[in-house]
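Everything on this sheet refers to the single structure shown next.
Quick note on labels: first sequence line is chain A, next is B, and so on, each numbered from 1. Values below: every heavy atom of this structure, side chains too, minus hydrogens, waters and symmetry copies.
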Protein chains: 2
Amino acid sequence: MSLKYAVLAALLEGEASGYELSKVFDVSLANFWPATPQQLYRELERLAADGLIEARTVQQERRPNKRLFTLTEAGREHLNAFAAEPTRRPTAIRDEFLIKIQAMDGVDPEAVRALVEERRAWAVGKLARYERVRERLLDGRTEEEYLRDADRVGPYLTLSAGITLERENVRWCEHVLTVLKRRAPLG
Amino acid sequence: MSLKYAVLAALLEGEASGYELSKVFDVSLANFWPATPQQLYRELERLAADGLIEARTVQQERRPNKRLFTLTEAGREHLNAFAAEPTRRPTAIRDEFLIKIQAMDGVDPEAVRALVEERRAWAVGKLARYERVRERLLDGRTEEEYLRDADRVGPYLTLSAGITLERENVRWCEHVLTVLKRRAPLG
DNA sequence: CGCACCTATTCAATTAGTTCAATAAGGAGA
DNA sequence: TCTCCTTATTGAACTAATTGAATAGGTGCG
């Protein structure tokens with residue numbers, strides 16, 4: 001449903017192939033709408049059929065050919081209309097890890113510790129990657145300057161939401177680890 | 001895939017009907033694995049067929065009859081085994097609103113402001129509901145006492161993750177609103 | 001030289017999730 | 001009394017997402 005708009009929004013950054021988008025959707029940018037490569041290729045076909053994006057094939061000599069997609073004017077308008085509408089669906093979070101935490105009291109504390117430690121490491125890594133993207137966007141300016149003067153602030157604001165999320169994630173994990181330590185000596 | 005375990009984990013709180021679970025999955029508890037009533041009823045059928053939960057029908061005079069489900073010993077063990085395993089799937093967030101923010105630079109600032117304001121109000125409401133659940137769980141004790149002494153801390157820890165999330169959500173929204181105000185006079 | 005990995009895309013099958021609606025009885029309020 | 005809301009569950013149809021694999025040339029490593 002919204003994958004459509006996630007793809008259009010990703011193409012605001014410029015021309016991209018399905019493969020490039022699948023990298024972006026996997027790691028950095030669109031962390032608020034995950035999609036597998038298969039989903040993206042299908043969606044790109046549909047969007048092209050609807051005239052919201054345009055494809056051109058680029059012949060490559062030492063690589064498989066690729067198809068690069070760009071937003072059409074119709075696609076841009078479609079996206080803008082969507083972005084101006086009130087939000088229909090609330091945020092949906094699916095987190096296997098938190099199910100495990102909910103049920104942690106029936107589990108060996110050492111296994112729980114390992115779980116939380118893994119999560120923490122993962123969040124730390126993601127945070128570092130986000131911070132690097134942030135530095136690249138700011139390019140020497142302060143956040144205040146950037147947010148006052150830049151042409152586009154949307155990508156920066158979603159990024160800063162991601163940074164906050166992962167920062168709090170790390171703090172939460174560390175909190176849980178101290179709780180586990182405090183409870184351990186009793187067991 | 002994990003809906004199964006989300007349901008089992010929800011039943012750790014005690015016997016419940018499909019209807020009751022659908023309320024819990026909708027609002028308070030399992031905010032990290034949303035599910036519609038239809039999904040829950042289907043999943044409950046499957047779990048009962050697999051012997052992980054047991055059903056009993058309760059005749060009601062002034063209401064439709066309901067079927068109450070409880071964890072079986074097999075179900076409890078199944079859940080514990082799952083919770084001790086390393087997490088396979090990373091957190092998946094699907095957020096239509098953040099797609100709109102990503103694309104906000106092509107949109108009337110007043111429409112964006114309304115969007116963010118709506119999101120803020122929603123987060124404030126959710127936070128208030130979470131805080132009420134928290135007070136009920138703590139029941140006069142301090143957090144430190146609770147986390148040291150309570151039989152089960154899983155539900156409290158997932159709740160506190162939710163509280164942190166919404167708190168930061170509110171702060172982020174307020175930040176974006178000040179950014180919009182600063183940029184508005186220029187347009 | 002062989003193996004594994006990267007780019008780049010596509011197909012097929014299956015499972016998961018959404019949407020709409022029907023049923024059925026009681027309670028609340030105009 | 002008419003209508004709408006709540007409890008409680010079920011059915012069917014549909015769309016979206018996941019999984020696994022196939023293809024195919026190139027690069028890097030030991």
Side-chain angles (χ1 to χ4, degrees), chain A residues 1-8 10 15-27 30-50 53 55-69 87-96 99, chain B residues 1-8 10 15-27 30-50 53 55-69 87-96 99:
Chain A
M1 320 144 277
S2 297
L3 174 57
K4 175 178 172 177
Y5 301 103
V7 171
L8 293 176
E15 205 178 34
S17 69
Y19 189 76
E20 284 157 3
L21 286 179
S22 78
K23 297 290 146 198
V24 169
F25 270 70
D26 194 43
V27 260
N31 258 286
F32 39 89
W33 207 278
T36 59
Q38 287 72 11
Q39 272 179 281
L40 290 172
Y41 283 113
R42 250 184 304 159
E43 198 60 48
L44 287 167
E45 284 305 323
R46 265 181 262 178
L47 290 170
D50 294 349
I53 60 176
R56 64 184 183 100
T57 302
V58 173
Q59 304 291 335
Q60 295 186 121
E61 301 227 325
R62 331 207 147 186
R63 306 259 147 211
N65 297 339
K66 58 180 174 180
R67 293 173 71 204
L68 289 178
F69 298 89
T87 310
R88 291 175 193 283
R89 261 161 242 287
T91 313
I93 297 177
R94 289 213 154 78
D95 197 339
E96 201 186 282
I99 298 177
Chain B
M1 319 146 280
S2 297
L3 175 58
K4 175 178 173 176
Y5 301 104
V7 170
L8 293 175
E15 205 177 35
S17 69
Y19 189 76
E20 285 156 2
L21 286 180
S22 78
K23 297 289 144 202
V24 170
F25 270 69
D26 194 43
V27 260
N31 257 286
F32 38 89
W33 207 276
T36 59
Q38 286 73 10
Q39 271 178 284
L40 290 171
Y41 282 113
R42 251 184 304 162
E43 197 61 46
L44 287 166
E45 284 306 322
R46 265 181 262 178
L47 290 170
D50 293 349
I53 61 176
R56 66 185 184 99
T57 302
V58 173
Q59 304 291 335
Q60 294 186 119
E61 304 226 325
R62 330 208 149 189
R63 305 261 146 208
N65 296 339
K66 59 179 173 181
R67 293 173 70 205
L68 290 177
F69 298 90
T87 309
R88 289 175 195 284
R89 261 162 244 286
T91 315
I93 298 177
R94 288 213 155 75
D95 196 339
E96 200 185 281
I99 298 177

>> Checking A:Arg94 now: which residues fulfil salt bridge (Lys or Arg N to Asp or Glu O under 4.0 Å) with it, not counting sequence neighbours?
In response: none

>> Strictly distance-based, threshold 3.5 Å: is any side-chain N or O of B:Tyr41 a donor or acceptor partner for the main-chain N or O of B:Tyr19?
In response: yes

>> Among residues at least two apart in sequence or on other chains, which ones pass side chain to side chain contact (heavy atoms under 4.5 Å, CB included) with B:Pro90?
In response: A:Trp122

> With A:Tyr5, which residues qualify under ring pair (Phe, Tyr, Trp, His ring centres under 6.0 Å), at least two apart?
Replying inline: A:His78, A:Phe82

>> Please report the end-to-end axis angle for the helix from C:dT7-D:dA24 to C:dA30-D:dT1, five pairs per end, rounded to 10 degrees.
In response: 30°

>> Please check: side-chain N/O of B:Glu45 versus main-chain N/O of B:Arg42, any donor-acceptor pairing under 3.5 Å?
In response: no

>> Nearest whole Å is fine: how far is C:dA25 C1' from B:Gln59 CD?
In response: 14 Å

> In whole Å, what separates the P atom of D:dA21 from that of C:dA4?
Replying inline: 16 Å

> Can you tell me how far C1' of D:dT18 sits from CD of A:Glu43, to the nearest Å?
Replying inline: 16 Å

> B:Tyr5 OH to C:dA16 P: how many Å, rounded?
Replying inline: 11 Å

> Any side-chain N or O of B:Arg46 less than 4.0 Å from the OP1 or OP2 oxygen of C:dA16?
Replying inline: yes

> How close or far is atom C1' of C:dT7 from atom NZ of A:Lys23, stated in whole angstroms?
Replying inline: 8 Å

> Taking atom P of C:dT7 as reference, at what distance in whole Å does atom CG of A:Leu21 sit?
Replying inline: 14 Å

> Can you name the residues that form a side chain to side chain donor-acceptor pair (under 3.5 Å) with A:Ser17, not counting sequence neighbours?
Replying inline: none

> Judged by atom type as modelled, is there a donor-acceptor pair below 3.5 Å linking the side chain of B:Glu96 to the main-chain atoms of A:Ser2?
Replying inline: no

>> Show the nearest heavy-atom pair for residues A:Phe69 and A:Leu44, with the distance to one decimal.
In response: CE1-CD1, 3.7 Å

> What's the CZ-C1' distance between A:Phe25 and D:dT18, to the nearest Å?
Replying inline: 17 Å

> So does A:Gln39 get a side-chain nitrogen or oxygen closer than 4.0 Å to the phosphate oxygens (OP1/OP2) of D:dT18?
Replying inline: yes

> Would one find a side-chain N or O of B:Arg89 under 4.0 angstrom from OP1 or OP2 of D:dT19?
Replying inline: yes

>> Rounded to whole Å, how long is the line connecting atom CZ of A:Arg42 with atom P of C:dA8?
In response: 21 Å

> Quick one: B:Arg94 CZ to D:dA16 C1', roughly how many Å, whole number?
Replying inline: 9 Å

>> Could you tell me if the side chain of B:Val7 sits less than 4.5 Å from the side chain of B:Trp33, heavy atoms only?
In response: no

Could I get a table of every N or O pair under 3.5 Å where one atom is in the protein and the other is in nucleotides 8-10 of chain D?
unit_1, atom_1, unit_2, atom_2, d
D:dA8, OP1, B:Gln60, OE1, 3.3
D:dA8, OP1, B:Gln60, NE2, 2.9
D:dT9, OP1, B:Arg67, N, 2.6
D:dT9, OP2, B:Gly18, N, 3.3
D:dT9, OP2, B:Tyr19, N, 2.9
D:dT9, OP2, B:Tyr41, OH, 2.9
D:dT9, O5', B:Tyr41, OH, 3.4
D:dT10, O4, B:Gln38, NE2, 3.0

